[in-house]
Amino acid sequence: LATLADPGIQTAVEAVAFSPDGQTLAAGDHDGSTYLWNVASRTVAGMLATSPYSGQPKVWAVAFSPDGQLLATGDRAGVTDLWKVG
């Protein structure tokens, strides 16, 4: 239905997750950025950067909480960041 290209430095996307309501797609990439996409408009609604405490920022996992209010991102160094997105 659509191609959503990484708007940053166009690195590999490592992980994706839809919000529980299906309105937002989170895509974590190789450079440590996680982009929040508005699914209906196919536009970037926000960007999250991996914790500065991580020496290896590659985002390997993303997951929304069941209510869609929080997003967890996990990076290669074993750091998990928790974001308020709702």
Side-chain angles (χ1 to χ4, degrees):
L1 296 175
T3 299
L4 307 174
D6 187 320
I9 57 174
Q10 305 230 347
T11 61
V13 172
E14 302 287 344
V16 296
F18 281 98
S19 62
D21 65 8
Q23 294 183 22
T24 303
L25 175 71
D29 69 17
H30 190 81
D31 75 354
S33 299
T34 300
Y35 294 94
L36 301 175
W37 292 87
N38 179 301
V39 174
S41 67
R42 299 179 181 145
T43 59
V44 175
M47 192 274 286
L48 309 169
T50 298
S51 172
Y53 303 108
S54 174
Q56 300 175 357
K58 183 190 302 184
V59 176
W60 275 14
V62 294
F64 283 92
S65 62
D67 65 3
Q69 297 295 306
L70 301 174
L71 178 73
T73 60
D75 69 23
R76 183 176 176 183
V79 174
T80 300
D81 290 308
L82 192 59
W83 309 89
K84 184 173 177 137
V85 295

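When a residue number appears, it is its place in the shown sequence, counting from 1.
- Side-chain heavy atoms closer than 4.5 Å link hydrophobic residues (I, L, V, M, F, W, Y) into clusters, and following such links, possibly through other members, connects Val16 to Val44.
- To the nearest 0.5 Å, atom NE2 of residue His30 and atom CD of residue Glu14 are 6.5 Å apart.
- Here the CG atom belonging to Asp75 is positioned 6.5 Å from the CG atom belonging to Asp81, to the nearest 0.5 angstrom.
- By the 4.5 Å heavy-atom criterion applied to side chains, Phe64 and Thr24 are counted as neighbours.
- Heavy-atom minimum distance, Ala26 versus Leu36: CB-CD2, 3.8 Å.
- Lys84 NZ to Leu71 CG: the interatomic distance, rounded to the nearest 0.5 Å, is 13.5 Å.
- The heavy-atom pair separating Ala72 from Thr80 by the smallest distance is CB-CG2, 4.4 Å.
- Arg42 CZ to Leu4 CG: the interatomic distance, rounded to the nearest 0.5 Å, is 7.5 Å.
- In summary, the side chains of Thr73 and Trp83 do present a donor paired with an acceptor at a separation below 3.5 Å, with no hydrogens or angles considered.
- The side-chain hydrogen bond (donor to acceptor under 3.5 Å, both in side chains) test applied to Ser65 returns Asp67, not counting sequence neighbours.
- Residue Leu48 is grouped with residue Val62 when hydrophobic side chains (ILVMFWY) are merged at heavy-atom distances under 4.5 angstrom, including chains of intermediate members.
- Summarising the geometry of Trp37 relative to Pro7, their closest heavy-atom pair is CZ2-CD, 3.8 Å, with the distance given to 0.1 Å.
- Note on Trp60 and Val13: separate hydrophobic clusters, where clusters join Ile, Leu, Val, Met, Phe, Trp and Tyr whose side-chain heavy atoms are under 4.5 Å apart, directly or indirectly.
- With a 4.5 Å cut-off on side-chain heavy atoms, Tyr35 and Asp29 count as touching.
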